[in-house]
Amino acid sequence: MDLREDNEPYDDINITPMLDLAYVLLVIFIIMTTATVQGIKVNLPKASATPSLAKPKTKAVTIDANGQIYLDTYPVTMVELESRLRSFKAITPDLPVVIKGDSKIQYEKVIEVMDLCGRLDITQLGLVTQKLVK
């Protein structure tokens, strides 16, 4: 049996204070990261649970495979399309219009509708395509 005197150095490692320090540092890091991740506090707008009764403003012009033009779901001629788009443009100055053309139609029909929208000063114009499936 090895007996040690009182003035000899203590050569065993005491793990308890090291673990206490590690746990304290871990708690400090957890608190600091959750405090910084919260972000900027803003006052968010409130939305009502009732659905909106306002009709959507976007108008869809569809050209089917036969060359028939539809405004939303109603068949129209080019003259009717122009008068209706002009009246919608008067109500909503920033009227968005999307054009859906069948892949079988002539390119000229789509250009006529785009030219009509250009004459009516409709600047928010979009062409609808189908997503390519890979």
Side-chain angles (χ1 to χ4, degrees):
M1 189 157 135
D2 189 19
L3 294 175
R4 197 178 331 175
E5 291 183 20
D6 289 341
N7 59 359
E8 280 188 33
Y10 188 71
D11 59 353
D12 292 336
I13 296 175
N14 192 359
I15 301 287
T16 307
M18 229 180 338
L19 288 177
D20 288 345
L21 179 66
Y23 290 140
V24 167
L25 288 175
L26 180 68
V27 168
I28 288 173
F29 287 138
I30 289 173
I31 290 172
M32 291 303 291
T33 55
T34 57
T36 57
V37 170
Q38 288 176 356
I40 299 171
K41 186 173 179 70
V42 293
N43 191 9
L44 297 174
K46 307 287 187 279
S48 66
T50 59
S52 175
L53 296 177
K55 293 183 179 178
K57 295 179 182 178
T58 304
K59 295 297 172 189
V61 178
T62 307
I63 307 168
D64 67 3
N66 298 326
Q68 176 63 48
I69 301 171
Y70 296 88
L71 179 60
D72 291 333
T73 56
Y74 304 107
V76 292
T77 63
M78 283 299 284
V79 177
E80 292 173 338
L81 179 66
E82 182 175 3
S83 66
R84 289 188 185 179
L85 284 179
R86 182 173 280 126
S87 64
F88 288 132
K89 174 79 174 159
I91 295 169
T92 309
D94 57 343
L95 177 72
V97 174
V98 293
I99 300 173
K100 299 186 233 181
D102 193 279
S103 62
K104 305 284 190 266
I105 64 165
Q106 292 181 353
Y107 192 58
E108 184 180 2
K109 278 285 194 183
V110 176
I111 296 299
E112 286 177 14
V113 174
M114 290 177 68
D115 185 45
L116 172 70
C117 291
R119 285 195 314 263
L120 295 176
D121 198 28
I122 296 174
T123 57
Q124 295 189 29
L125 187 64
L127 295 173
V128 179
T129 61
Q130 189 175 9
K131 186 176 180 181
L132 182 65
V133 180
K134 292 182 180 180

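Predicted model only: the values in this text are computed from it and were never measured.
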Using the salt bridge (Lys or Arg N to Asp or Glu O under 4.0 Å) criterion, which residues pair with D72? Sequence neighbours excluded.
K59
Taking salt bridge (Lys or Arg N to Asp or Glu O under 4.0 Å) as the test, write out the residues that go with D115, two or more places apart.
R119
N/O donor-acceptor pairs under 3.5 Å from side chains in residues 74-82, not counting sequence neighbours:
residue: T77; atom: OG1; partner: E80; partner atom: N; Å: 3.3
residue: E80; atom: OE1; partner: T77; partner atom: N; Å: 3.1
residue: E82; atom: OE2; partner: R86; partner atom: NH2; Å: 3.3

side-chain contact (heavy atoms from CB on, under 4.5 Å) partners of S87, counting only residues at least two apart:
none
What is the distance from atom CE of M32 to atom CD1 of I30, rounded to the nearest 0.5 Å?
13.0 Å
Atom pair CG/CG of L125 and L120 - distance to nearest 0.5 Å
11.0 Å
Residue pair V110 / M114, side-chain heavy-atom distance below 4.5 Å
yes
Are Y23 and F29 joined in one hydrophobic group, where the rule is that I, L, V, M, F, W and Y side chains link up if heavy atoms are under 4.5 Å apart?
no
Which donor-acceptor pairs under 3.5 Å do side chains of residues 60-67 form with protein atoms, sequence neighbours excluded?
residue: D64; atom: OD1; partner: N66; partner atom: N; Å: 3.2
residue: D64; atom: OD1; partner: G67; partner atom: N; Å: 3.1
residue: D64; atom: OD1; partner: Q68; partner atom: N; Å: 2.8

Which atom pairs, one a donor and one an acceptor, fall under 3.5 Å between side chains of residues 88-100 and the rest of the protein, sequence neighbours left out?
residue: K89; atom: NZ; partner: P93; partner atom: O; Å: 2.4
residue: K89; atom: NZ; partner: D121; partner atom: O; Å: 3.0

